[in-house]
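In this chain, numbering begins with 1 at the start of the sequence shown.
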Amino acid sequence: CGEVKASYYKTPTANPTGTIIYADLDSDVSVQAPSSLETSSRPTIDIENTAGEAGWQFAPLAEGFVCSEAICCYASDFVGETDGYAIGALGGIDSGCANYSYGHDCGIASLHWPGEVCGIFSCQEPTGACLNYQIPTGNLTGVRLETRVSPDTTAIPHVLAYGAVGTTSEQILIQPSEGLNFFKNGTGVVLTVDSFPHPITSAEIYGRPYGKDELLYTCPVSSEKNEHDISKEMTKRPGTSEENSNGKEPATIPDSTIQTSEETSNGRKEGGVAITILCLFLSALSYYFEI
């Protein structure tokens, strides 16, 4: 899947503006998946009969299944006990103000965004509180998650375990190919986790359908295009086809103002002689006063 570039857990409540962490990522995902990561037929659902309610939806992990609108999350291949864990799904609007109730308004537009999520969380009760960090009380160290997302959704895996490794304590970010295996092919997405000997804190497939974002800004026109248009304007010549490419008739010049080439040539010659004589006179006058 690649190398973890950046991770951020939660915005401190004392700093409501938060912190943005970003990294350049390779969006290309290999379609050559191990057999254990091939998508199954289970997420092919009858939406009218299976789709869940709106907003975040949770169920005990032992049930292995939950839906939020058209997004369904499946969990299987458990290693360890499912007690103390919940499975959650979101097919709608997520928020970043620690209140995940459906329809809650954070008061700031940028704290709401479309999401398609499938995950498991360490928590005692399957409620929105599962999205807040909780130290695991169970011993689950392995799981397989599977979901189907919208065609244009970008899906990202994120797995945390509890324990200590080297200088890292309490929260261990599970690395790709070191306990985390992830596969996306079309709309099918699979995540397998092996965090042994550390119990899983949370494991998520987080999808972002960026095409549904309602941006609070608009991007300017490409500067390259503007430079091209400016240079084109500067090279136009009056009366040429470039200037009249908008379909308008070229401007006409009255006959009285048109000079023949001979008249123009004679006028330039006479003007040039007069200017030459004037320059010689001024030069002589300047020399006389200097003496």
Side-chain angles (χ1 to χ4, degrees), residues 4-23 55-63 66 68 71 73 75 78-90 92-102 104 106 108 110-113 115-143 145 147 155-176 178-180 182 191-208:
V4 175
K5 297 293 185 181
S7 177
Y8 189 63
Y9 169 61
K10 185 178 179 181
T11 301
T13 55
N15 178 17
T17 58
T19 301
I20 295 176
I21 296 178
Y22 70 93
W56 275 101
Q57 300 298 319
F58 300 90
L61 181 57
E63 295 185 8
V66 71
S68 168
I71 300 300
C73 183
F78 303 120
V79 178
E81 301 297 326
T82 59
D83 292 342
Y85 289 90
I87 183 172
L90 173 67
I93 302 299
D94 202 359
S95 64
C97 59
N99 187 327
Y100 305 102
S101 302
Y102 177 67
H104 175 74
C106 293
I108 302 176
S110 60
L111 292 180
H112 298 276
W113 57 87
E116 297 179 351
V117 191
C118 168
I120 65 167
F121 309 90
S122 59
C123 54
Q124 295 300 313
E125 299 293 333
T127 67
C130 292
L131 298 178
N132 297 323
Y133 175 73
Q134 298 183 38
I135 294 175
T137 58
N139 60 6
L140 188 71
T141 59
V143 68
L145 292 176
T147 188
I156 301 171
H158 183 254
V159 181
L160 286 176
Y162 179 81
V165 175
T167 59
T168 302
S169 62
E170 186 169 335
Q171 295 189 60
I172 304 169
L173 186 66
I174 304 301
Q175 304 278 353
E178 297 179 8
L180 183 160
F182 179 74
L191 169 64
T192 65
V193 179
D194 178 7
S195 64
F196 185 83
H198 309 287
I200 296 171
T201 301
S202 64
E204 296 175 78
I205 299 170
Y206 201 100
R208 285 284 282 114

- Can any side-chain N or O of Ser68 pair as donor or acceptor with the backbone N or O of Trp56 at less than 3.5 Å? no
- The reported gap from CG in Leu145 to CZ in Phe182 (rounded to nearest 0.5 angstrom) is 10.5 Å
- Taking all non-hydrogen atoms of both residues into account, name the closest pair between Pro136 and Tyr162 and its distance. CG-CB, 3.5 Å
- Query: Minimum heavy-atom separation for Cys73 to Ala89, with atom names?
  - Reply: CB-CB, 4.0 Å
- Message: With a 6.0 Å cut-off (strictly less than), is the heavy-atom count around OH of Tyr102, excluding the residue itself, greater than 12?
- Response: no
- Query: So do the side chains of Tyr85 and Val143 get within less than 4.5 Å of each other, counting heavy atoms only?
  - Reply: no
- How many angstroms lie between atom OG of Ser202 and atom CD1 of Ile174, to the nearest 0.5 angstrom? 10.0 Å
- Note on the structure: dist Ile172:CD1 -> Leu160:CG (nearest 0.5 Å) comes out at 9.5 Å
- Query: Thr127 versus Tyr100: any side-chain heavy-atom pair under 4.5 Å?
  - Reply: no
- Kindly indicate whether the side chain of Val117, heavy atoms from C-beta on, has any atom under 4.5 Å from the side chain of Ile71. no
- Item | Flag for Thr137-Gln124: side-chain donor and acceptor within less than 3.5 Å | yes
- Message: Checking the side chain of Asp194 only, and the main-chain atoms of Phe196 only, is there a donor and an acceptor separated by less than 3.5 Å?
- Response: yes
- Mark yes or no for whether Glu63, through its side chain, and Ile87, through its backbone, hold a donor-acceptor pair below 3.5 Å. no
- So which heavy atom on Val193 is nearest to which on Ala203, and how close? CG2-CB, 4.1 Å
- Message: So which atom in Phe58 and which in Cys130 form the shortest heavy-atom distance, rounded to 0.1 Å?
- Response: CE2-CB, 4.1 Å
- Message: Are the side chains of Leu173 and His158 in contact, using a 4.5 Å heavy-atom criterion?
- Response: yes
- Closest heavy-atom pair, Ile200 versus Ser195, reported as atoms and distance to 0.1 Å, is CG1-OG, 3.3 Å
- Item | Side chain proximity check, Phe121 to Glu204, heavy atoms < 4.5 angstrom | yes
- Report the distance from atom SG of Cys118 to atom OH of Tyr206, rounding to the nearest 0.5 Å. 13.0 Å
- Query: Is there side-chain contact between Leu140 and Ile120, with heavy atoms separated by less than 4.5 Å?
  - Reply: yes
- Note on the structure: To the nearest 0.5 Å, atom CD1 of Ile93 lies from atom CG of Leu111 at 12.5 Å
- Query: Do any N or O atoms from the side chain of Asn139 and from the backbone of Gly80 form a donor-acceptor pair under 3.5 angstrom?
  - Reply: no
- Looking only at heavy atoms, which two atoms of Gly88 and Val66 are closest? And how far apart? C-CG1, 3.7 Å
- Item | Separation of Glu81 CD from Leu61 CG (nearest 0.5 Å) | 11.0 Å
- Within a strict 4.5 Å, meaning less than it, do heavy atoms of the Glu170 and Ile135 side chains meet? yes
- Query: Got a donor-acceptor contact below 3.5 angstrom from the His112 side chain to the Cys106 backbone?
  - Reply: yes
- Item | Non-hydrogen side-chain atoms of Thr141 and Pro197 separated by less than 4.5 Å | no
